[in-house]
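Down below is the structure, laid out as structure tokens.
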Amino acid sequence: MPFTLRLLGLTLCAAIQVVEGISQTPSTQCSIENISGFLTQDDQAEVLMAHSISSNGSFGEVGDVAYPQNATYLPSLCVATINVTSSSTSSYTFGVFLPDDWNKRFLAVGNGGFNGGINWYAMGTGAKYGFATISTSTGHNSTGLDMSWAINNPASKSDWAGRSLHGSTVLAKEIVEGYYGNAANKSYYSGCSTGGRQGVKSAQDHPEDFDGILAGAPAWKSTSQQLWQLKVGAINLPEDGPGYLPVGMFAIISQEVLRQCDWSDGIADGIIMNPKHCNFRPEKLLCTPSSANQSACLTAPQVSTLKQLYLPLVQMDANVNTLTYIYPNFGLGSEVQMPSSFGSNNEPSAYGTDYAKYYLFDDPDWDWKTSFNYTTFTEAERLNPGNVNANNFNLSTFHGRGGKLIQYHGYADGLIPTEASQVLYDETWITMAEQGVDLDDFYHLFFVPGMQHCSGSVYDAPWYFGGSEQSSNLETNGQHAFPVPGVDNAKGWARSG
Ligand SMILES: *[C@@H]1O[C@H](CO)[C@@H](O)[C@H](O)[C@H]1NC(C)=O
Ligand SMILES: *[C@@H]1O[C@H](CO)[C@@H](O)[C@H](O)[C@H]1NC(C)=O
Ligand SMILES: *[C@@H]1O[C@H](CO)[C@@H](O)[C@H](O)[C@H]1NC(C)=O
Ligand SMILES: *[C@@H]1O[C@H](CO)[C@@H](O)[C@H](O)[C@H]1NC(C)=O
Ligand SMILES: *[C@@H]1O[C@H](CO)[C@@H](O)[C@H](O)[C@H]1NC(C)=O
Ligand SMILES: *[C@@H]1O[C@H](CO)[C@@H](O)[C@H](O)[C@H]1NC(C)=O
Ligand SMILES: *[C@@H]1O[C@H](CO)[C@@H](O)[C@H](O)[C@H]1NC(C)=O
Ligand SMILES: *[C@@H]1O[C@H](CO)[C@@H](O)[C@H](O)[C@H]1NC(C)=O
Ligand SMILES: *[C@@H]1O[C@H](CO)[C@@H](O)[C@H](O)[C@H]1NC(C)=O
């Protein structure tokens, strides 16, 4: 065959490649029967669906309330859904896209919030570059703010917290190897928020799963993160109190932060390069007799509320010499997104209250007004349902097998404080440095000036770099976006292993 090719030249060469493509195309194995054959009895898994999708096709699942956005503009591929029994009372599903034109690599994409469902759209972004791509449902069916599934359901908490991603990855690799006849050369992970936590936790607890991990804005200390959202919501309540900051006020605060902080990097370009370089004075927002617009300034109690939102949570023990650091604070520049961390109707966000009721305490009657105090934070860490926190800072095994971790976090994130990423990095630094390992060898942390939670920017700062959930943000607004800006897979993105 190579001899014939050389004789007949390029045109026929291309034609024969197509013929070879058909004769070798794995899509003849795109059936429930054949994919089932790649799994074993021990896997406790059942292939629910498998079929081919032709080039430029789309796919989504009606009833996927967590991820209703369909994957579109797909390359020709095989799609399958697998149901895995994870315990006598729990199960999760995962989806796979197996592109006909495979780049020899494996990619798992993450989830967000408390979402339960397969993230088909994000899988599509990977399949467009030829990755065999998977996503797990995490073991329940719900939108991101709905935690009612968790009550008295420790097995499903474990699935969401980590078991489903690891289990799905292990089984999906068996499918990939069976389907293509070769294991993937490299395995990657990409996710943001809860997805960032899933990625970091994989590096910590399942260091063999991925060679490279992209973890955005990780909710790595989930127990504190959720209760922090309760705390910041409570700081700004009650709505008829003198210190209450209505949602509309945050745009005004944001403008003042920009006015005071933009110059701190030496260039007034509408983007705060590093909020930590700014010495912001909320007092300048105070209403004075000479304030031109008495609706665009703050009362003294409102200034006090704002100052609290910029303070980290620390607990002073009975012994006044001991301060315990609990969780960081909103960063300067995150004001426009801050209200997303608050609730409504005189309640803090369900991210905090429903987390405590359904996920943490299994008690729908739990009342933050009477039961929430600093002890709740330590209690949450002690209970740690499902073992959700990614706080095993020893990445020794991951580092030893050549794993690489890239973490990023927007400086204007109003849902997960940017500083939480710094804390994770610093803790890992200490743990690894004590073992003589330089973090720079395998773990990089990037802060993105002006970027909100995972994507988007109030200041029109650049934020679109191929991170998780970024192209979906654009597609929701009606644009056909390639996951990596402007890089069309068909135009020669590096495809080799
Ligand atoms: C699919 O599975 C069936 C039954 O195991 C088998 O006979 C067939 O050869 C398989 N097809 C391919 C393309 O491997
Ligand atoms: C690809 O699919 C989209 C819909 O998902 C459609 O609008 C577009 O026309 C299709 N392009 C081609 C070349 O068929
Ligand atoms: C998503 O795709 C499914 C089939 O794959 C289709 O039934 C559904 O209507 C699509 N949803 C949207 C929002 O386009
Ligand atoms: C998830 O629950 C919704 C109801 O909230 C239902 O309509 C949908 O079919 C369910 N989806 C799956 C995949 O079970
Ligand atoms: C998955 O399997 C479990 C049994 O472990 C079953 O209860 C559940 O209904 C199955 N889910 C689907 C979507 O088939
Ligand atoms: C990549 O995978 C292919 C098969 O899929 C294999 O032939 C090749 O040797 C692998 N390359 C490396 C560098 O591992
Ligand atoms: C005063 O500020 C409020 C809140 O920003 C705004 O809606 C209103 O238009 C302003 N009034 C004037 C006269 O600028
Ligand atoms: C905190 O609240 C719990 C009840 O949720 C209570 O048992 C405990 O005494 C409180 N601790 C403090 C320091 O107020
Ligand atoms: C980190 O993990 C490695 C591998 O499991 C182990 O040998 C080492 O003792 C651990 N170090 C610390 C400080 O926990």
Side-chain angles (χ1 to χ4, degrees), residues 19-41 43 45-62 67-80 82 96-102 120-125 127-129 132 174-182 244-259 282 284-299 302-303 306 335-336 338-339 458 471-472 474-483 488-491:
V19 171
E20 282 183 344
I22 289 166
S23 67
Q24 293 181 348
T25 186
S27 62
T28 55
Q29 300 204 65
C30 187
S31 65
I32 290 178
E33 184 188 34
N34 289 80
I35 292 179
S36 301
F38 307 138
L39 296 168
T40 70
Q41 200 80 38
D43 291 337
E46 183 194 3
V47 181
L48 300 176
M49 171 277 286
H51 65 79
S52 298
I53 292 177
S54 53
S55 178
N56 196 44
S58 65
F59 187 80
E61 223 182 319
V62 177
Y67 301 101
Q69 194 173 0
N70 283 359
T72 50
Y73 304 91
L74 293 169
S76 58
L77 52 76
C78 174
V79 57
I82 293 89
V96 287
F97 279 157
L98 301 163
D100 292 353
D101 188 6
W102 184 38
W120 294 106
Y121 179 88
M123 285 169 62
T125 64
K128 281 170 192 165
Y129 294 103
E174 291 176 12
I175 291 173
V176 166
E177 182 163 5
Y179 187 80
Y180 294 109
N182 279 298
Y244 178 67
L245 293 164
V247 170
M249 200 50 93
F250 286 88
I252 294 167
I253 298 168
S254 168
Q255 280 307 311
E256 178 61 18
V257 170
L258 188 63
R259 195 184 68 77
K284 294 209 172 165
L285 279 157
L286 191 72
C287 297
T288 65
S290 60
S291 298
N293 185 346
Q294 293 290 325
S295 307
C297 55
L298 305 185
T299 63
Q302 287 178 317
V303 170
L306 183 60
E335 297 75 22
V336 168
M338 276 185 194
V458 263
S471 58
S472 63
L474 294 178
E475 294 231 352
T476 306
N477 296 317
Q479 301 178 44
H480 173 36
F482 283 95
D488 180 346
N489 159 32
K491 289 182 189 144

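Quick caveat, the model's predicted, so the values are computed rather than measured. Only heavy atoms go into these numbers, but all of them, side chains included; no hydrogens, no water, no symmetry mates. Atoms within a ligand are numbered from 1 in the order they appear, just like the ligands themselves.
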| said: How close do Ala71 and Gly124 get, counting heavy atoms only, and between which atoms? | reply: CB-CA, 4.0 Å
| field | Distance filter under 4.0 Å to Thr28 heavy atoms, resulting ligand 1 atoms | value | 13 (C)
| task | Would you mind listing which atoms of ligand 1 come within a distance below 4.0 Å of any non-hydrogen atom of Gln29? | result | 12 (C), 13 (C), 14 (O)
| query | Do any N/O atoms on Asn56 end up under 3.5 angstrom from N/O atoms on ligand 2? | reply |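 Yes.
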Among all protein heavy atoms in this structure, tell me which lies nearest to [atom], with the distance rounded to 0.1 Å.
atom	value
atom 7 (O) of ligand 2	Tyr73 OH, 4.5 Å
atom 6 (C) of ligand 1	Asn34 ND2, 4.2 Å
atom 11 (N) of ligand 7	Asn293 ND2, 2.7 Å

Please examine the side chains of [Y] and [X], heavy atoms only from C-beta on, and report whether any two atoms are closer than 4.5 Å.
X	Y	answer
Val79	Trp120	yes
Glu256	Cys297	no
Leu98	Tyr180	yes
Phe59	Met123	no
Trp102	Val176	yes
Tyr129	Pro99	no

| said: Closer than 4.0 Å to some heavy atom of Ala296 - which atoms of ligand 7 meet that? | reply: 2 (O)
| query | With a cut-off of 4.0 Å, which atoms of ligand 7 are near a heavy atom of Ile252? | reply |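 Within the 4.0 Å cut-off of Ile252, ligand 7 contributes 4 (C), 5 (O).
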| field | Any protein heavy atom nearer than 4.0 Å to atom 9 (O) of ligand 2 | value |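 No, there is no protein heavy atom closer to it than 4.0 Å.
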| Nearest protein heavy atom to atom 2 (O) of ligand 7: under 4.0 Å? | yes
